[in-house]
*Asks:* 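Structure in structure tokens, see below.
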Amino acid sequence: MTREIKEAVARLIREGIDKARRKGELVSCDLPDITLEIPSERNHGDLATSIALRLSSHLNLPPRKVAEVIVKHVKAISPQPSRPVRDKFPLGGSSIISQIEVAGPGFINFFLAREALYPVLGDIEEEGANYGRSNLGKGKKVLIEFVSANPTGPLTVAHGRHGAVGDALANILQMVGYEVHREYYYNDVGHQMDILGKSVQARYRQLRGEESPFPEDGYKGNYITGIAQEIARECENVDRGDSGFFRSFAEEKILESIKKDLEDFGLKFDDWIKEKDIYESGQVKKTLERLRKEGHIYQKEGALWFRSSHFGDEKDRVVEKSDGQPTYLAPDIAYHQNKYERGFHCLIDILGPDHHGYVERLKAAIEALGHEKDSLKVIILQLVSLYRGKEKLPMSTRAGEFIALRQVLDEVGKDAARFFFLMRTTNSHLNFDLDLAKSQSTENPVYYVQYAHARICSILDFAAKRGVEVKKVEEVDLSLLKEKEELEMLKTLAQFPEVVESCARALEPQGLSSYLQELAGGLHNFYTKFRVIGPGDGNLGSARLILVKAVRTTLRNGLRLLGVSAPEKM
RNA sequence: GCGCCCGUAGCUCAGUUAGGACAGAGCAGCGGUUUCCUAAACCGCGGGCCGCGUGUUCGAGUCACGCCGGGCGCACCA
């Protein structure tokens, strides 16, 4: 429901309670926030409040009695267009309500007058691609770090989910008024990269017919052999004893393929940060030094420990091993400090479930460095299992038996992949069925939503061919829209900005994909029952054209936020 | 043993952030809809001790505590 409608109704309730108090029918007490919700049950009205239930214990009156008193006074308030939103349909006073009732244990249900629903069409016409935009974020700078896969192998399906969720969240946060920066961080130094180099080196030697043992913990995927073959093809005078050469060659190749995959998946990052840069700029040393000075670091058994237990972590953590090498945590602390120093005071990290134990120590570190613990929000994104129908596919990265994101993209396409990754809440495991994502049938929710968009385009094409123009809201009698299906769509349209905001607040894009399915459903339902172009004197058609065009705008906006295309033809 | 996530219809999942009305959707199953803007669509019908228990509350799928079951972690790895 639009904010204007909710505010108007809440204002009515408050006025009703005030009147009852002045007449002595209700005693005064602290008034809780008047919350209005959209009941799940149709015949419970368009908006409902449980205010009477909340007040009853303070007032020492049965809840139904409280509700009845409030309703009596609300009904007596005369229509006052206190805040006209649009000339034709002033929103305010009781004129937007068609019926009020007390129900159940003491709920107050409001049924909206049709006139209250029409202004949303004017909003959508006016705002267009900006419909759904708000200023919740007030321009605050947010840095969202996601994917951040190390260049040791191709992106997996799990990275795909991270990419889809991170990008959608970034879009949503931008839509509600944050200034969003997308960042990718990767480790280009250290043990894992050395193993990568040695793995490629071994494969290269084997290609040359040498006896060369494969490292025990090496990367076994076929792509390693592929890189070795490229070296054999492209490079002369290879020093086959220099694993560093193989490492940097592999890093470059893999990074290149990662970037290509991300591009084809529609992901763009504002910055790529390398672990090496964090070291070379001296930030690791500087940050550890600062922690040490402030007493958060101590020496024990030859290693340096960060006193994270002082900040809520279950135990202290090593930041520098007894051999003098820093642990992974050290550059990561420095990297996060670096984010703050660049002016970001709201950080979001998207991590896999294998990193959940890591969150507390990271938060401890940022707190030790003087930042608000809550200024870092970590989204733990649960795993993805791939299915082909009923069959579960193996996903062992170690053994090199995994389906790469690339294969999924090639097989089901960007749109289906994106949508599927966004269909579940972030903290539930995702079962991704390749067969379903591919099927061009009624079962596939991506096509369901896209098809609604294409259908509307088709109606508008048809109208253009017939010489029927799409008029402006001001020129049309919107009150001709009175079928149940039309009013349902109007209500759904009006909810869009709130849905975007609630996704932003919860850092959870799933709500948006559900919303789009609902809006598409409303359109399909309407479409099969009524005609837009054709019957009548044309006035009804004009009103319906405006309605379906508004649905198209909203579907487009929603799909754009999810990173899914809105095709005009299918 | 400890920590995090999950447990809701035959299947896949919403609903738990902020407690409210007889718990929703999609798919699968069964039956129907096309002289008309794309049938990749629509309509109808069944189907549930919300894992179990105790507590808080006027009210618990939602909160607290304890169990049971599944997943993922618990490194001087990254």
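Below, chain A is the first sequence line, B the second, and so on; all start at residue 1. Just so you know, these numbers use all the heavy atoms, side chains as well, and skip hydrogens, waters and symmetry mates.
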*Asks:* Identify all stems in which RNA chain B takes part, counting only runs of at least 3 consecutive pairs (Watson-Crick or G-U wobble, each distance under 3.5 Å), and give each as one range with another, ordered by first number.
*Replies:*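 The stems that RNA chain B takes part in, listed by first number, are B:1-7 with B:68-74, B:10-13 with B:24-27, B:29-33 with B:41-45, B:51-55 with B:63-67.
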*Asks:* Looking at A:Y448, does any N or O in its side chain come under 4.0 Å of the phosphate oxygens OP1/OP2 on B:C42?
*Replies:*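 Yes, such a contact exists.
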*Asks:* For A:A437, check side-chain contact (heavy atoms from CB on, under 4.5 Å) against everything at least two apart and list the hits.
*Replies:*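 A:A437: side-chain contact (heavy atoms from CB on, under 4.5 Å) contacts with A:V412, A:A416, A:F420, A:F432.
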*Asks:* Would A:Y451 and A:Y447 count as a close aromatic pair, with their ring centres under 6.0 Å?
*Replies:*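 Judged by ring-centre distance (under 6.0 Å), A:Y451 and A:Y447 do not meet the cut-off.
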*Asks:* Between the protein and nucleotides 44-47 of chain B, which nitrogen or oxygen pairs come in under 3.5 angstrom?
*Replies:*
none

*Asks:* What is the separation between atom CG on A:N525 and atom C1' on B:C42, rounded to the nearest whole Å?
*Replies:*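 Answer to the nearest Å: 7 Å.
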*Asks:* Evaluate A:E101 against A:F110 for side chain to side chain contact (heavy atoms under 4.5 Å, CB included), listing each step before the verdict.
*Replies:* CA-CA 7 Å; A:E101 63 179 26; A:F110 297 85; over 6 Å; no
*Asks:* Are any protein N/O atoms closer than 3.5 Å to N/O atoms in nucleotides 2-4 of chain B? If there are, list each pair with its distance.
*Replies:*
residue, atom, partner, partner atom, Å
B:G3, N2, A:H356, ND1, 3.3
B:G3, N2, A:H356, NE2, 2.7
B:G3, N3, A:H356, NE2, 3.2

*Asks:* Taking only nitrogen or oxygen atoms into account, show me every contact under 3.5 Å that the protein makes with nucleotides 76-78 of chain B, one pair per line with its distance.
*Replies:*
residue, atom, partner, partner atom, Å
B:C76, O2, A:S322, N, 2.7
B:C76, O2, A:S322, OG, 2.9
B:C76, N3, A:S322, OG, 3.3
B:C76, N4, A:E301, O, 2.9
B:C76, N4, A:E301, OE1, 3.4
B:C77, OP2, A:K321, NZ, 2.7
B:A78, OP2, A:Y328, N, 3.1
B:A78, N1, A:H355, NE2, 3.4

*Asks:* Would you call A:K274 and A:E251 a salt bridge, taking side-chain N to carboxylate O under 4.0 Å as the test?
*Replies:*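 Not counted as a salt bridge, because no side-chain N and carboxylate O are separated by less than 4.0 Å.
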*Asks:* Identify, with sequence neighbours excluded, every residue that meets side chain to side chain donor-acceptor pair (under 3.5 Å) alongside A:S50.
*Replies:*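 Listed in chain order: A:R54.
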*Asks:* Determine the interatomic distance between P on B:A75 and the same-named atom on B:C2; round to the nearest Å.
*Replies:*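 Pairwise P distance, B:A75 against B:C2, rounds to 16 Å.
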*Asks:* Could I get the full list of side-chain contact (heavy atoms from CB on, under 4.5 Å) partners for A:D415, not counting sequence neighbours?
*Replies:*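 In terms of side-chain contact (heavy atoms from CB on, under 4.5 Å), with neighbours along the sequence ignored, A:D415 is linked to A:V446, A:Q450, A:V564, A:S565.
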*Asks:* Using the side-chain contact (heavy atoms from CB on, under 4.5 Å) criterion, which residues pair with A:A365? Sequence neighbours excluded.
*Replies:*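 Counting only residues at least two positions away or on another chain, A:A365 forms a side-chain contact (heavy atoms from CB on, under 4.5 Å) with A:F306, A:I333.
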*Asks:* Apply side chain to side chain donor-acceptor pair (under 3.5 Å) to A:Y298 and list each qualifying residue two or more places apart in sequence or on a separate chain.
*Replies:*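 A:D316.
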*Asks:* Could you list the residues that satisfy side-chain contact (heavy atoms from CB on, under 4.5 Å) with A:Y335, not counting sequence neighbours?
*Replies:*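 Result, side-chain contact (heavy atoms from CB on, under 4.5 Å) vs A:Y335: A:E145, A:E183, A:Y185, A:I273, A:I278, A:D332, A:N338, A:K339, A:R342.
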*Asks:* Below 4.0 angstrom, N of the basic side chain to O of the carboxylate: do A:K465 and A:D461 qualify?
*Replies:*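 Salt bridge between A:K465 and A:D461, a charged N being under 4.0 Å from a carboxylate O: no.
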*Asks:* Between A:H296 and A:F311, is the ring centroid distance below 6.0 Å?
*Replies:*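 Ring centroids of A:H296 and A:F311 are less than 6.0 Å from each other.
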*Asks:* Please report, rounded to the nearest Å, how far the C1' atom of B:C43 is from the CD atom of A:E488.
*Replies:*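 A:E488 atom CD is separated from B:C43 atom C1' by 16 Å.
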*Asks:* At a cut-off of 3.5 Å, list every protein nitrogen or oxygen paired with a nitrogen or oxygen from nucleotides 12-14 of chain B, distance to 0.1 Å.
*Replies:*
residue, atom, partner, partner atom, Å
B:U12, O3', A:N431, ND2, 3.2
B:U12, O2', A:R424, NH2, 2.7
B:C13, OP1, A:H429, O, 3.3
B:C13, OP1, A:N431, ND2, 3.4
B:C13, O2', A:R424, NH1, 3.2
B:A14, OP1, A:T425, N, 3.2
B:A14, OP1, A:T425, OG1, 2.5
B:A14, OP1, A:S428, OG, 2.8

*Asks:* Does A:D194 reach a base, just sugar-phosphate, or nothing at all? Heavy atoms under 4.0 Å.
*Replies:*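 It contacts nothing in the nucleic acid.
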*Asks:* Please measure how far the P atom in B:G26 lies from the corresponding atom in B:A9, and state the result in whole Å.
*Replies:*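 Taking atom P in both B:G26 and B:A9, they lie 16 Å apart.
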*Asks:* If you look at every strand shown and take non-hydrogen atoms under 4.0 Å, does A:A452 touch a base, only sugar-phosphate, or nothing?
*Replies:*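 The answer is nothing, as A:A452 stays clear of every strand by at least 4.0 Å.
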*Asks:* Give every residue pair that meets the salt bridge (Lys or Arg N to Asp or Glu O under 4.0 Å) criterion with at least one member in residues 419-436 of chain A, sequence neighbours excluded.
*Replies:*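 Found none.
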*Asks:* With a non-hydrogen cut-off below 4.0 angstrom, is A:F530 in contact with a base, only sugar-phosphate, or nothing?
*Replies:*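 A:F530: base contact, heavy atoms under 4.0 Å.
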